[in-house]
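Down below is the structure, laid out as structure tokens.
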Amino acid sequence: MQTSVIGFPRIGTLRELKFASEKYFRGEISSQELLDTAKNLRKIHWTTQKNEGIDFIPSNDFSFYDTLLDTAAALGIVPRRYKELNLSGLDTYFAMARGYQGESGDVKALAMKKWFNTNYHYIVPEVEDDTVIKLSADKLLNEYKEAKELGITTKPVIAGPYTVLKLCRFTENKGIDDFLDDFIAAYKELIALCNDNNISWLQLDEPALVYDLSDADKALFNKIYDELLKERGNCNILLQTYFGDVRDIYEDIINKPFAGVGLDFNEGRKTFELVEKYGFSAGKLLFAGVVNGKNIWKNNYKKTLDLISSIKNACDNNINVVISTSCSLLHVPYTLKHEDKLADSYKIHFSFAEEKLTELAELGVLADKKQDKVKSENAYIDNQKVFEEERNCHNAEVKERLANIKEEDYVRLPLRSERQKLQKEKLGLPEFPTTTIGSFPQTKEIKAERAAYRKNEISEEEYTQYIKKQIADCVKWQEEIGLDVLVHGEYERNDMVEYFGEALEGYLFTQKAWVQSYGTRCVKPPVIWGDVYRKKPMTVDWSVYAQSLTNKPMKGMLTGPVTILNWSFPREDITIKESILQIALAIRDEVLDLEAAGIKVIQIDEAALREKLPLRKSDWYNEYLDFAIPAFRLTHSGVKNDTQIHTHMCYSEFTDIIPAIDDMDADVITFEASRSDLLILDSLRENNFETEVGPGVYDIHSPRVPSVDEIVNALNIMLTKISRDKLWVNPDCGLKTRGVKETDASLRNMVEAAKIIRNR
Ligand code: GLN
Ligand code: ZN
């Protein structure tokens, strides 16, 4: 049976692309050196897949920043303000991704959003009225040829027209309808070029088909593909979907002359049912997404082989199945090979991108064998051994505590409006209090110090002294800048989730298991192995020390249970709900310890709350919010009236769940707002949002320094929607990825802007 990979991690086994790109941004290497690094990585990625025997190997899945931005660029979607910079192609591209501030001008980056239900982010393409949709397929064709020269035939991948149209922002008067024909023409041209170049398969990624689709959406899809498929020639079109099932459009899909259709059997709860009910045309290949592209647990061959044989026999005609990943492998780390600190007894349970290639290949071979033969195959026997023994992952005490949670544990009293009054008195803050989201710049030196500590090159005592010194400097710096609510800077944390993962029981952590989050930013999600609990305080000493240095309130900084879970690799043997509640109890313990130690303001970040919202609206409450929101309340319901609870969310894209956010019952929420439109503010007002709010006044994902005027303007707009007594002033998100200089300048401008507004 043939095998297919939807996409492969591009950052490199040891994040080579990240380091090269960052060097290029700092002007330390030339564009040619960056291009060479990229080329070499592609070669490694293709040959790795080839050597494993993968049949359908993707190309053009490589990206310097984001594949949706690549697709936009390939279609000519480059907003005026970036063209006007007159930079090279590569630098224009980076200007859209990261913003630009230099000799040629000063422009912000394009907006960035979460890619469906993952922690990957895409750049939102902006279409202006005079945008001319015009194909330039150089990247796609060149990468195809590059692989060909290595003797590897690939299937080029590109985001499909439906998904691109759905994700674009039309910033002026025109909309989808005005550009539809040009889009279709551009993709037709692409297909013609594939024909000219004897490219036999083209993969069009259409994850947007897994949402709830309206009649208009369906009509749009049908129009696009009826047109495109007319001119497919000899090029086989693979319609690739992932992150769910395509229940609203399945019948339309199978009735069209696609040569292949990729379906997700992992997250697509109804995928199998659809195939069974409506069948699948005999002439097509069904690319069955059965190897999980999102989680890192080993594939259970027995279950998968059973599934494959049910798919094959789901309807009368024997379906031609290709074994595929469920989505791009971009969402899992590259390889287990570098994890030499993780005992084999653990490692045998896992499978990262490289290991998943082996799984695909082995499944491909096993799927062709008769059932009785399969059982005597070594690959099968070895695989089943892993699943036979029970994992040592249960803790009776945790389970008991969970069973004893009462309804009142989810409720904080007194009512928020009362609490907010008390807090104002107690904390004595000015109007429009200024604060930051938690982390301060993590310089090379700080990272080196943490690395040295990890490698036991410096003692715990030395490390503690070093971090304390950073904290002391940071407190002084914030006082000098004039911020009102201070933070300790989070210097001891590599990452807001990994830090807690390492401190909590039940977690495993990896050394090099990086996953791309956006651009050059990678995260290393810890792995939930067993029942989670807290053995001892995790953050109290640092916060208490920081508070001892100042009379201003010092925020205690925690990560919330939903985010900890969403940014970890979760277990597959218990429900997400159960894991989240276990973590919530651990965070609750920490909240109460911080309070007891004299910390008056505690921020519990739920940066990733929005992210795992089911893609279908009909599932939002039942399958997620109904337990995620109470879990958050469980973390803070035990604190005193005048302890102020903050939360923070990245991305303001929660317009449609505002009541749920208010229901978290935090006293203050800060969130990203500068990179997205301010529609969220209208919705806050319409919903009588009670939580005090700090919509970020400037973008921290870019090195650009906002001017005082710019921030004053932003605040003025916010004040048309938010009452004076509820507005906080803060950046979008944590500052750890920023440089010291730009941070200093930006925060000073922010404090200055707050003063100007106060005096009006
Ligand atoms: N407190 C965290 C920080 O400042 C929040 C980061 C985030 O929201 N992603 O780094
Ligand atoms: Zn954030």
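Along the sequence shown, residues are numbered consecutively beginning with 1. As the structure lists them, so they are numbered: ligands from 1, and atoms in each ligand from 1.
For ligand 1, the atoms lying closer than 4.0 Å to a non-hydrogen atom of Gly438 are 4 (O). For ligand 1 and Gly734, the ligand atoms under 4.0 Å from any heavy atom of the residue are 3 (C), 4 (O), 10 (O).
Residue His648 places at least one N or O, backbone or side chain, under 3.5 Å from an N or O of ligand 1. Considering backbone and side-chain atoms together, Cys650 places no N or O closer than 3.5 Å to any N or O of ligand 1.
At least one test fails for Lys113 against the ring of Tyr122: distance under 6.0 Å to the centre or angle within 45° of the axis. Cation-pi geometry between Arg98 and Phe25 is met: under 6.0 angstrom from the ring centre, within 45 degrees of the axis.
Interatomic distance, Leu17 CG to Ser21 OG, rounded to the nearest 0.5 Å: 4.0 Å. The CZ atom of Phe500 lies 4.0 Å from the CZ atom of Arg493; values are rounded to the nearest 0.5 Å.
In terms of protein heavy atoms, atom 5 (C) of ligand 1 is closest to Asp605 OD2, 3.4 Å. The protein heavy-atom contact nearest to atom 6 (C) of ligand 1 is Met496 SD, 3.3 Å. When hydrogens are left out, the protein atom nearest atom 3 (C) of ligand 1 is Ser439 OG, 3.3 Å; that is the closest non-hydrogen contact.
Checked against the 6.0 Å centroid threshold, Tyr491 and Trp542 do not count as a close aromatic pair.
For Arg412 and Asp667, the salt-bridge test passes: some basic side-chain N is under 4.0 Å from an acidic carboxylate O. Look at Lys736 and Glu490 and you find no salt bridge, because none of the NZ, NE, NH1 or NH2 atoms lies under 4.0 Å from a carboxylate O. Using a 4.0 Å cut-off between charged side-chain N and carboxylate O, Arg419 and Asp642 make no salt bridge.
Excluding waters, the protein N/O/S atoms found under 2.8 Å from the Zn ion (ligand 2) are His648 NE2, Cys650 SG, Cys733 SG.
Contacts with ligand 1 closer than 4.0 Å are made by no heavy atom of Met649, backbone or side chain. If you look at Cys733 next to ligand 1, the close heavy atoms, those under 4.0 Å, all belong to the side chain.
Counting only N and O atoms by type, the side chains of Glu267 and Asn117 include a donor and acceptor under 3.5 Å apart.
Applying the side chain to side chain donor-acceptor pair (under 3.5 Å) rule to Asp725 yields the partners Ser723; only residues at least two apart in sequence or on another chain are considered.
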